[in-house]
Amino acid sequence: PIKREVGLVRITPRELGFANGAYRLDVYRRAFECGLEICLPEVGPQLRLQYSDQPPLESLQIGMEAHVDSLGHQSQFRVVHGGDGFVWLAGDHKHPDDFWEAGELFVFLKKL
């Protein structure tokens with residue numbers, strides 16, 4: 001295993017110029033235009049382990065390529081604080097064509 005430090009950017013579709021929300025492909029395209037990159041899958045589990053002071057009710061969608069989970073669904077990681085003291089790493093089953101609200105939080109890599 002190789003340890004690698006990465007810089008992460010937390011950003012919303014609104015901050016990327018989508019005042020009313022956007023589709024994932026549009027969010028990713030705009031993020032790339034802004035110089036951001038998609039995350040490797042291990043960013044989700046590592047962020048969950050290291051983000052011990054995540055604010056209650058915050059949910060971070062990891063900007064990554066979807067993978068197929070054990071049920072055959074396309075899935076991406078989401079780092080969640082449920083507000084009840086519980087934190088978890090979720091598999092988000094949103095389809096690539098699903099719409100994302102303007103305030104949804106995404107995490108992308110910033111180029112170092």
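Distance check: Gln76 CD to Arg24 CZ gives 4.0 Å after rounding to the nearest 0.5 Å.
Identified under the ring pair (Phe, Tyr, Trp, His ring centres under 6.0 Å) test for residues 32-71, with sequence neighbours left out: His67-Phe77. Listed by first and then second residue, the salt bridge (Lys or Arg N to Asp or Glu O under 4.0 Å) pairs involving residues 25-34 are Asp26-Arg29, Arg30-Glu33 (not counting sequence neighbours). Counting only residues at least two apart or in different chains, side chain to side chain donor-acceptor pair (under 3.5 Å) contacts with residues 37-48 comprise Gln46-Gln50, Arg48-Gln54.
Scored by the salt bridge (charged side-chain N to carboxylate O under 4.0 Å, His left out) test, Arg10 finds Glu58 as partners (sequence neighbours excluded). Legend: residues meeting side chain to side chain contact (heavy atoms under 4.5 Å, CB included) with Leu71, ordered by chain and number and at least two apart, are Asp69, His73.
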Can you give the donor-acceptor pairs under 3.5 Å from side chains of residues 78-89 to other protein atoms, not counting sequence neighbours?
residue : atom : partner : partner atom : Å
Arg78   : NE   : Gln61   : OE1          : 3.3
Arg78   : NE   : Asp92   : OD2          : 3.0
Arg78   : NH1  : Ser59   : OG           : 2.7
Arg78   : NH1  : Glu104  : OE1          : 3.4
Arg78   : NH2  : Gln61   : OE1          : 3.0
Arg78   : NH2  : Asp92   : OD2          : 2.8
His81   : ND1  : Gly83   : N            : 2.9
Asp84   : OD1  : Phe86   : N            : 3.1

Could you walk me through whether Asp98 and Tyr23 pass the side chain to side chain contact (heavy atoms under 4.5 Å, CB included) check? CA-CA 6 Å; Asp98 285 348; Tyr23 295 97; over 6 Å; no
Checking ring pair (Phe, Tyr, Trp, His ring centres under 6.0 Å) for the pair Trp100/Phe106: CA distance, chi angles, key distance, verdict? CA-CA 10 Å; Trp100 292 87; Phe106 281 82; 5.0 Å; yes
Candidate pair Leu8 and Leu109, rule side chain to side chain contact (heavy atoms under 4.5 Å, CB included), full reasoning: CA-CA 5 Å; Leu8 300 178; Leu109 291 178; 3.5 Å; yes
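In plain terms, the two heavy atoms of Ala102 and Thr12 that are nearest each other are O-CB, 3.3 Å. Closest heavy-atom contact between Gly21 and Pro13: CA-CB, 4.5 Å. Closest approach of Phe108 to Ile38, counting heavy atoms only: CD2-CA, 4.3 Å. Residues Leu60 and Leu47 approach most closely at CD1-CD2, 4.0 Å, considering heavy atoms.
For the side-chain contact (heavy atoms from CB on, under 4.5 Å) with Lys110, the lone residue among Val6, Ile11, Leu36 that qualifies is Leu36.
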